[in-house]
Amino acid sequence: MSQSTYSMPPEKVEIFKSLDGWARENVLVHLKPVEKCWQPQHFLPDPTSDGFLEQVEELRERAMEIPDDCLVVLVGDMITEEALPTYQAMFNTHDGIRDETGSSLTAWGIWVRAWAAEENRHGDLLNKYLYLSGRVDMRQVEKTVQYLIGFGMDIQTENNPFLGFVYSSFQERATFISHGNTAVLAKHYGDNHLAQICRTIAADEKRHETAYATIMDKLFEVDPDLSVLAFDKMMRKKISMPAHWMYDGQDEDLYVHFSAVAQRLGVYTVEDYANILEFLVERWNVEKLTGLSDEGRKAQDYVCRLAPKIRRLEERAQMRAKPKPDVTFSWIFNRSVKL
Ligand SMILES: [Fe+2]
Ligand SMILES: [Fe+2]
């Protein structure tokens with residue numbers, strides 16, 4: 001597999017060094033102090049309390065009403081969160097921002113560690129919840145996590161932080177949307193507690209989105225040409241989701257199947273993808289950028305026109321779509337689910 005690497009012109013590393021003070025004031029503020037953060041335990045039965053078993057029983061009763069297709073989406077979301085080591089490693093592939101020592105005191109180093117520490121609560125909470133629910137085959141779920149972390153991901157950001165920050169802005173918003181939609185489903189099936197969990201995680205993702213999109217605001221100001229070219233490049237490659245190499249030891253197309261269920265339930269859809277793109281075009285004022293190179297103007301044109309194009313293609317694909325066969329998921333004991 002060929003991968004392009006180190007695509008940022010080397011002298012541009014200076015931009016990230018010179019933005020250190022700015023990032024301290026404008027990016028790190030989007031982190032929450034640990035003492036003010038929720039922890040998974042806040043939402044889980046308390047193992048030290050006399051009522052522990054009763055609380056577990058209640059949790060299991062509520063979770064009984066969640067249908068199989070929702071469970072598949074929840075498990076997929078949880079596995080995506082659990083592959084966090086990959087995402088922290090990905091951040092550190094980028095020139096100019098990587099945490100050089102594992103305890104670097106640059107704003108970028110502080111950010112990536114604290115961001116990962118916040119994210120770590122997401123997988124923890126969903127994992128414990130699903131474990132206690134008794135509804136999923138935990139061994140299969142755990143195997144999927146182990147495979148996924150072992151495989152890594154093909155993010156295609158070329159060690160280039162301009163590409164990396166476009167990707168992260170997009171991706172955090174995508175998770176904000178999908179956890180939010182999962183909350184709506186959980187509520188619909190009467191599990192208000194789970195709905196609250198998903199909403200709480202979504203709120204973290206939103207904060208992270210704001211941080212990454214703010215970094216891009218600044219990069220668009222400092223180097224609009226490189227920024228719009230980065231946006232264009234990532235959109236042409238298509239933003240692949242972090243868990244696209246998901247595998248459970250059985251289903252070679254597990255990610256495709258999981259995404260099809262997420263699409264059908266409206267948890268994360270092609271329409272969401274187009275909406276995120278449009279949102280970012282607007283947020284970064286891409287239409288109004290001036291003083292771009294020829295290439296930059298082409299990139300500007302491409303990203304500004306892309307969302308309606310994606311919607312048209314999707315509409316046509318829907319019209320031509322044949323009914324899909326049901327698929328079994330090992331996560332739910334090989335019961336079958338409609339795609
Ligand atoms: Fe997360
Ligand atoms: Fe996130």
Side-chain angles (χ1 to χ4, degrees), residues 27-32 34 37-44 73-94 97 99 108 110-130 141 144-145 148-149 152-153 155 157 161 163-186 194-216 234 239-246 255 258-259 262 267-268 272-273 275-276 279-280 283:
V27 180
L28 299 188
V29 290
H30 296 292
L31 294 165
K32 256 195 184 174
V34 176
C37 278
W38 59 267
Q39 296 299 335
Q41 185 53 56
H42 185 84
F43 299 93
L44 294 164
V73 168
L74 266 167
V75 169
D77 285 354
M78 182 265 255
I79 287 165
T80 307
E81 294 287 352
E82 289 284 61
L84 178 62
T86 302
Y87 316 141
Q88 188 171 0
M90 287 314 315
F91 186 99
N92 288 330
T93 62
H94 296 118
I97 57 169
D99 180 356
W108 309 111
I110 294 170
W111 165 263
V112 70
R113 292 190 304 274
W115 165 80
E118 284 195 4
E119 285 283 345
N120 188 50
R121 290 135 65 241
H122 302 170
D124 261 14
L125 175 53
L126 290 173
N127 191 325
K128 284 176 179 149
Y129 187 90
L130 285 167
V141 173
T144 314
V145 172
L148 183 59
I149 296 176
M153 69 185 285
I155 189 181
T157 52
L163 301 187
F165 286 131
V166 167
Y167 180 90
S168 311
S169 305
F170 197 102
Q171 187 47 46
E172 293 284 355
R173 188 164 178 85
T175 48
F176 158 66
I177 290 171
S178 63
H179 287 302
N181 287 333
T182 313
V184 174
L185 281 178
L194 177 60
Q196 199 199 351
I197 287 175
C198 297
R199 267 201 308 274
T200 305
I201 295 175
D204 275 7
E205 309 292 14
K206 178 84 205 158
R207 255 189 313 110
H208 296 161
E209 174 209 322
T210 307
Y212 288 120
T214 304
I215 297 170
M216 281 312 298
M234 285 318 292
I239 305 276
S240 56
M241 292 299 130
H244 63 138
W245 281 344
M246 193 180 262
Y255 181 74
F258 155 66
S259 330
V267 167
Y268 185 70
D272 291 320
Y273 188 94
N275 289 344
I276 296 171
F279 172 89
L280 293 174
R283 154 123 204 176

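Computed from heavy atoms alone, side chains included, the values below leave out hydrogens, waters and symmetry copies. Indexing begins at 1, ligand by ligand and atom by atom, following the structure's order.
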Quiz prompt | Metal site the Fe ion (ligand 2): N/O/S of Glu81 inside 2.8 Å | solution =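 No - counting backbone and side chain alike, Glu81 has no N, O or S atom under 2.8 Å.
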
Quiz item: Under 2.8 Å from the Fe ion (ligand 2), is there an N/O/S atom belonging to Asp204?
Solution: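 No N, O or S atom of Asp204 is closer than 2.8 Å to the Fe ion (ligand 2), so no.
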
Quiz item: Would the Phe43 and Trp38 ring centres measure less than 6.0 Å apart?
Solution: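 Yes.
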
Quiz item: So, Tyr273 versus Phe170, ring centres under 6.0 angstrom or not?
Solution: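 That pair passes the under 6.0 Å test.
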
Quiz item: When you measure from the Fe ion (ligand 2) to each N, O or S atom of Glu172, which atom gives the shortest distance?
Solution: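 The closest N, O or S atom of Glu172 to the Fe ion (ligand 2) is OE1.
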
Quiz item: Do Tyr268 and Ile276 have side chains that get closer than 4.5 Å, going by heavy atoms?
Solution: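 A side-chain contact exists here, since the closest heavy-atom pair is under 4.5 Å.
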
Quiz item: Does Glu81 reach the side chain of His179, with side-chain heavy atoms less than 4.5 Å apart?
Solution: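 In short, these two side chains touch, coming nearer than 4.5 Å.
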
Practice problem: Report yes or no: does His179 have an N/O/S atom closer than 2.8 Å to the Fe ion (ligand 1)? | Solution: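 Coordinating: no.
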
Please name the atom of [X], limited to N, O or S, that comes nearest to the Fe ion (ligand 1).
{"X": "Glu119", "answer": "OE1"}
{"X": "His122", "answer": "ND1"}
{"X": "Glu205", "answer": "OE2"}

Practice problem: Look up atom CE in Met246 and atom CD1 in Ile79, then write down how far apart they are to the nearest 0.5 Å. | Solution: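 Taking CE in Met246 and CD1 in Ile79, the distance rounds to 5.0 Å.
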
Quiz item: With a 4.0 Å cut-off, would you call Arg207 and Asp204 a salt bridge?
Solution: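 Salt bridge present between Arg207 and Asp204.
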
